[in-house]
There are 2 protein chains.
Amino acid sequence: MNDNDQNFYMQLAVEQAEIAGLNDDVPVGAIIVHNNQVIAKAYNRRQIDHNAIAHAEILAIQEACQKLNRWILDDCQLFVTLEPCVMCFGAIVQARIQDVYFGAYDPKTGACGSLSDLRNLKSSSINHHTCFHGGILLEVCSEQIKTFFKKKRLEKSRDNGMEIS
Amino acid sequence: MNDNDQNFYMQLAVEQAEIAGLNDDVPVGAIIVHNNQVIAKAYNRRQIDHNAIAHAEILAIQEACQKLNRWILDDCQLFVTLEPCVMCFGAIVQARIQDVYFGAYDPKTGACGSLSDLRNLKSSSINHHTCFHGGILLEVCSEQIKTFFKKKRLEKSRDNGMEIS
């Protein structure tokens, strides 16, 4: 996939992430592409749904499985604004996603080289290799996350200030 | 939790796994306990739902979150008949499950010491430690999985025989 297409799809994921941020969820968005068509769009819904599983990648994979009526997505590309965590990494492997394009790196929970690197974990029962490509629209994706946490910290310090006064 | 209680809850997970096997899904079942009460029961539904995410642990965690109306399950115990894979391990950590009791070990995909060992993976953003206890009702759980795959191999060899004849 060429750079223009990668950026185009990542921009759609960024728009999904924006919705999560408005819901007070960490702004992460995901898109799944099949035959050059977007078949799933999702955003992190952990807080709003009170659901530990509801990361953007998980919801997008579920939607894509439903659309294609199969659990193997080995002809699909997943775009996500933040490096996948262990759970989402595992879900990507379970679904045999062909290529994963992620935006910002996540030193706190990223499982594709940042906190840990599970990319070379061999499984004798899964004969599939997903390719991971990091840093797509890096600045846009990083800025989106940073802005969210900066806002949260400001709100927290304001709340603390109100408690003291 | 004492051995009798562990075995009791694992037996319920085994019964869930049985349903998965009848659906032609790998027989894995899971139970979540909160304040000595079963609040979620689930079985692997990957094939029947055409959903790569639908492992027993994931479905049980989703159900427990829904019941308790929160995504943090740090006062819950999860029982599962098979050692969790990378995805389910990640989901358990995301949900901050207190204790995980698993039955059979899984050398093919187990992430709690068999294929890989993610138990000591440190995350700077998750300040929680889940305890993993393996080998609960070990023989029952191992036998259940082995019987399923033996049956599948038999069916396959019968089908191949029919094609040849």
Side-chain angles (χ1 to χ4, degrees), chain A residues 25-26 32 44-55 57-74 76 84-97 106-111 114-128 149, chain B residues 25-26 32 44-55 57-74 76 84-97 106-111 114-128 149:
Chain A
D25 264 304
V26 178
I32 293 181
N44 178 27
R45 300 182 58 95
R46 186 173 73 169
Q47 298 284 356
I48 200 172
D49 282 355
H50 308 290
N51 183 351
I53 311 295
H55 282 193
E57 299 95 310
I58 299 280
L59 299 176
I61 290 172
Q62 281 184 315
E63 193 181 330
C65 288
Q66 212 172 356
K67 285 269 173 68
L68 299 178
N69 201 32
R70 54 177 154 95
W71 62 265
I72 293 185
L73 306 178
D74 57 356
C76 293
C85 70
V86 169
M87 171 176 73
C88 294
F89 181 95
I92 285 160
V93 173
Q94 286 295 334
R96 280 61 160 170
I97 297 271
D106 185 356
K108 289 190 176 173
T109 65
S114 293
L115 170 72
S116 61
D117 194 348
L118 304 182
R119 289 171 295 182
N120 292 319
L121 198 64
K122 295 280 177 235
S123 163
S124 54
S125 70
I126 299 180
N127 186 22
H128 173 79
F149 282 111
Chain B
D25 263 304
V26 178
I32 293 181
N44 178 25
R45 300 181 57 95
R46 188 174 70 170
Q47 298 284 355
I48 200 171
D49 282 356
H50 309 289
N51 183 352
I53 311 295
H55 282 195
E57 300 96 309
I58 299 281
L59 300 175
I61 290 172
Q62 281 184 316
E63 194 182 330
C65 288
Q66 212 171 357
K67 285 268 172 69
L68 299 179
N69 200 32
R70 54 177 154 97
W71 62 266
I72 292 186
L73 306 177
D74 57 357
C76 294
C85 70
V86 169
M87 172 177 73
C88 293
F89 180 95
I92 285 160
V93 173
Q94 287 295 335
R96 279 61 159 170
I97 298 269
D106 184 357
K108 288 189 177 175
T109 65
S114 293
L115 171 72
S116 60
D117 194 347
L118 304 183
R119 288 172 296 182
N120 292 319
L121 198 64
K122 296 278 176 237
S123 163
S124 54
S125 70
I126 299 181
N127 186 21
H128 173 78
F149 281 111

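Chain letters run A, B, ... following the sequence lines, proteins first, then strands; residues in each count from 1. Just so it is clear, the structure is predicted and the values come from calculations on it, not from any experiment.
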Item to check | Within-4.5 Å side-chain heavy-atom neighbours: V86(A) and V93(B) | outcome: no

Next on the checklist: Is any side-chain heavy atom of Q94(A) closer than 4.5 Å to one of I53(B)?
Outcome noted: no

Approximate separation, where rounding is to 0.5 Å, of [X] [atom1] and [Y] [atom2]:
X: R46(B); Y: W71(A); atom1: CZ; atom2: CH2; answer: 3.5 Å
X: S116(A); Y: L121(B); atom1: OG; atom2: CG; answer: 4.5 Å
X: F89(B); Y: L118(A); atom1: CZ; atom2: CG; answer: 10.0 Å

Considering only heavy atoms, which portion of [X] lies under 4.5 Å from any heavy atom of chain A: side chain, backbone, both, or neither?
X: R70(B); result: backbone
X: L73(B); result: neither
X: I58(B); result: both

Checklist entry - Do you know which of A95(B), A64(B), A91(B) has the most heavy-atom pairs under 4.5 Å to chain A? => result A91(B)

Next on the checklist: Surrounding CD of Q66(B) (heavy atoms of other residues, nucleotides or ligands, distance under 6.0 Å), is the total greater than 12?
Outcome noted: no

Can you tell which of [options] has the highest number of heavy-atom pairs within less than 4.5 Å of chain B?
options: C85(A), G90(A), A54(A), C88(A); result: G90(A)
options: Q62(A), H55(A), Q47(A); result: Q62(A)
options: I61(A), I92(A), L68(A), D49(A); result: I61(A)

Item to check | Structural part of I72(A) lying under 4.5 Å from a heavy atom of chain B | outcome: neither

